[in-house]
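Per chain, numbering begins at 1; letters A, B, ... match sequence-line order. Nothing here was measured: the structure is a model prediction, and the numbers come from that model.
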Number of protein chains: 2
Amino acid sequence: MRLVVAKCSVDYAGRLSAHLPLATRVLMLKQDGSLLIHSDGGSYKPLNWMSPPCTLATEEPEKDQADVGVTEIWRVTHAKTADMLVVSIYEIYNDVEHELGEDPGLIKNGVEAELQELLAAQIELLGEGYTLVRREYFTAIGPVDILARDENGNSVAVEIKRRGEIDGVEQLTRYLELMNRDPHLAPVTGVFAAQEIKPQAKTLAEDRGIRTLILDYDEMRGIEDKHGRLF
Amino acid sequence: MRLVVAKCSVDYAGRLSAHLPLATRVLMLKQDGSLLIHSDGGSYKPLNWMSPPCTLATEEPEKDQADVGVTEIWRVTHAKTADMLVVSIYEIYNDVEHELGEDPGLIKNGVEAELQELLAAQIELLGEGYTLVRREYFTAIGPVDILARDENGNSVAVEIKRRGEIDGVEQLTRYLELMNRDPHLAPVTGVFAAQEIKPQAKTLAEDRGIRTLILDYDEMRGIEDKHGRLF
DNA sequence: CTATATATGTCGAGG
DNA sequence: CCTCGACGTATATAG
């Protein structure tokens, strides 16, 4: 990992073309040849970058570039797509290199996959007498998160989100429409389950006869832990 | 902008909870208090981060933490959501600070706008005898990318995407529904045009009687200076 | 490898 | 402020 603070301008050509005017920025050069160009604001997204696999070549500036103050040129070329990033460096204020080694990586909890597992294991949260048919029930337009049966044996399609927004209701609506054309499944009702459901999504769901359900992650995980400890 | 190379472990609690085991990483501290934690690989996305608005507080470690080698603790708290990122620092190998100033920002040239221009100019790609009515035909729920007429003089609404996914079909469906209620326009048929159309989107479009059309960007552009823009 | 859904998505436009 | 759509989306996972 090499960290350079430099006055530079940048040009990118690939899926789009883009240009960064002359300013002072941080250039982060990773071991794999990739390059990130950060300013002192914005969020985690760099102003510009090149993803691996790619190679960096350092070049001498042409005379006309040297005349306007360019001291070196970094040309980063993507190995597969021929995307190219060219950094024209005017002045380097700081240049540090350090060996980091392999990173053990991030451990996550509470993403949608985990919610789906938990709800499948605690299908009774949908209601008394509900049973799990299967997770990831496949249809022609995509997988339904959970297919269950209610206390009367009727099909119930469950769409799970971390945050329930209108998109998710639309998605479930499409599934229901399709599944209700299948005489083996129909009638199919819908449940929209999420840790948090936006008011508009709740309204839309109810308007379409879809039940909404708030999932309490901590509670569900707690129950699961207790189950685990019983064994 | 402060750049720190340090051995650290990290914990995040917010929309999800996550943990980074002890390793050497780069900590990028921006002027607005935001923090990025980068390893020497991956793409431009940090391993972990806190977006602005947020504040950084440096704390002394508790005794039990100090005993295992923690020298300082950085606690970054989001100003609105109460998301929290805690960095436990064991050793600092490098620590640099530099004033960058405001960045003038990125200048972009996108692809989708160009696709729309090109298709309007080459409207015959839609079929024999088609004529352009106008680009950005305005409806109550938004602009239709292109309105054309087919060889019989009937209205055709075209939705253009770089990548055709289900969302785009939904969008076009809404336009068609609305436009077909207008006796001056009806009957209106739809064409979903994109550089690439996902199978699910194609299925849904056909199910709704919408024609799909693959656009060859390079061909439409005439395979001119694709990479010649840099210099 | 392709295809698909998720994401602490981020980001910008527009009501 | 919120919603919606685009993104050089990236990323993991299933087929």
Quick one: do B:E206 and B:K202 make a salt bridge, cutoff under 4.0 Å? yes
#### Entry: Interatomic distance where CD belongs to A:E114 and C1' belongs to C:dA5 [whole Å]
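In whole Å, C:dA5 C1' lies 17 Å from A:E114 CD.
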**Item:** Most 5' of A:K108 and A:G42 on DNA chain C, judged by nearest nucleotide
**Value:**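 It is A:K108 whose nearest nucleotide is closer to the 5' end.
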To the nearest angstrom, the OH-P distance between B:Y44 and D:dA10 comes to 5 Å
Problem - Rounded distance (Å) that lies between atom P of C:dG14 and atom CZ of B:F138 - result: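 After rounding, the gap between these two atoms is 9 Å.
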Taken to the nearest whole Å, CD1/B:I166 to C1'/D:dC4 is 18 Å
TODO: Would you classify B:Y12 as touching base, sugar-phosphate or nothing, given that sugar-phosphate means primed atoms plus P, OP1 and OP2, and contacts are heavy atoms under 4.0 Å?
DONE: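 Answer is base: heavy atoms of B:Y12 come under 4.0 Å of a base.
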note: A:E165, atom CD; C:dA5, atom C1'; distance rounded to Å ~ 15 Å
Is the shortest side-chain N/O distance from B:R174 to OP1 or OP2 of D:dG5 below 4.0 Å?
yes
Where DNA chain C forms runs of at least three Watson-Crick or G-U pairs (i with j, i+1 with j-1, under 3.5 Å), the stems are C:1-7 with D:9-15, C:9-15 with D:1-7
Quick one: B:K45 NZ to C:dA7 P, roughly how many Å, whole number?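 Result: 10 Å.
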Report, one line per pair, each donor and acceptor closer than 3.5 Å where one atom sits in a side chain of residues 190-201 of chain A; sequence neighbours left out.
none

> Taking only residues two or more places apart in sequence, or in another chain, which ones meet B:E170 in a salt bridge (charged side-chain N to carboxylate O under 4.0 Å, His left out)?
Replying inline: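 Expected list: A:R174, B:R208.
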Could you walk me through whether B:K108 and A:H19 pass the side-chain hydrogen bond (donor to acceptor under 3.5 Å, both in side chains) check? CA-CA 7 Å; B:K108 281 190 190 184; A:H19 174 72; over 6 Å; no
Point to revise | Within residues 19-27 of chain A: residues closer than 4.0 Å to DNA chain C (heavy atoms) | key: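 Listed by number, there are none.
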query: When the nearest nucleotide of DNA chain C is assigned to A:P143 and to A:R163 on a heavy-atom basis, which residue is associated with the more 5' position?
result: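 Counting from the 5' end, the first nearest nucleotide belongs to A:P143.
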Note to self: I'd like to check the side chain to side chain donor-acceptor pair (under 3.5 Å) partners of B:T81; sequence neighbours left out, ordered by chain and number.
What the structure shows: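 B:T81 satisfies side chain to side chain donor-acceptor pair (under 3.5 Å) with B:H78, B:D83 only.
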Ionic contact status for A:K161 with A:E159, cut-off 4.0 Å =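 Looking at A:E159 and A:K161, the cut-off is met.
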Query raised in the report: Base, sugar-phosphate, or nothing for B:M50, non-hydrogen atoms under 4.0 angstrom?
Result: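 No contact at all - B:M50 keeps every heavy atom at 4.0 Å or more from the nucleic acid.
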Q. Are side-chain heavy atoms of B:L147 and B:V156 found at a separation under 4.5 Å?
A.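 Sidechains of B:V156 and B:L147: no contact.
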Quiz item: Ion pair present between A:R75 and A:E59, side-chain N to carboxylate O less than 4.0 angstrom?
Solution: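 Salt bridge: yes.
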- request: Check the side chains of A:S155 and A:R149 for a donor-acceptor pair under 3.5 angstrom, ignoring hydrogens and angles.
  value: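 Indeed, the side chains of A:R149 and A:S155 share at least one donor-acceptor pair under 3.5 Å.
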Quiz item: Picking from C:dC11, C:dT6, D:dA10, which would you name as closest to the side chain of A:S43?
Solution: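 Out of C:dC11, C:dT6, D:dA10, the nucleotide with an atom closest to A:S43's side chain is C:dC11.
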Practice problem: List in numerical order all residues of residues 194-209 of chain B for which some heavy atom is under 4.0 Å away from an atom belonging to DNA chain C. | Solution: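 Close to the strand are B:K198, B:P199, B:Q200.
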Ignoring hydrogens and geometry, is there a side-chain-to-backbone donor-acceptor pair from A:D207 to A:T203 under 3.5 Å?
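Checking the backbone N and O of A:T203 against the side chain of A:D207, no donor-acceptor pair under 3.5 Å is found.
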message = I'd like to know if B:R135 pairs up with B:D145 as an ion pair, taking the criterion as any Lys NZ or Arg NE/NH1/NH2 lying under 4.0 Å from an Asp or Glu carboxylate oxygen.
response =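 No, no charged N to carboxylate O under 4.0 Å.
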Side-chain contact check for A:W49: nearest option of D:dA10, C:dA5, C:dT6 is D:dA10
Problem set entry | Which nucleotide in D:dC1, C:dT10, D:dT11 has an atom nearest any side-chain atom of B:S51 |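 My answer, after comparing the listed nucleotides, is C:dT10.
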To the nearest Å, give me how far apart OH (A:Y137) and P (C:dT4) are.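 One finds 18 Å between P of C:dT4 and OH of A:Y137, rounded.
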When rounded to the nearest 0.5 Å, the distance separating CD1 of A:I141 from CE of A:M179 is 10.0 Å
What's the closest nucleotide to the B:E112 side chain, out of D:dA10, D:dC4, D:dA6?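 Per side-chain heavy atoms of B:E112, the pick is D:dA6.
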| query | When we call it a touch if two heavy atoms are under 4.0 Å apart, what does B:G142 touch: a base, just sugar-phosphate, or nothing? | reply |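 It contacts nothing in the nucleic acid.
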Rounded to whole Å, CG of B:L106 lies from C1' of C:dG12 at a distance of 13 Å
query = Where the side chain of B:K161 is defined as all heavy atoms beyond and including C-beta, which of C:dA7, C:dT10, D:dG5 is the nearest nucleotide?
reply =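 Among C:dA7, C:dT10, D:dG5, the one nearest the side chain of B:K161 is D:dG5.
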In A:V10, A:I37, A:L20, the residue satisfying side chain to side chain contact (heavy atoms under 4.5 Å, CB included) with B:L106 is A:L20
Contact class for A:I141 (heavy atom, under 4.0 Å): base, sugar-phosphate, or nothing? sugar-phosphate
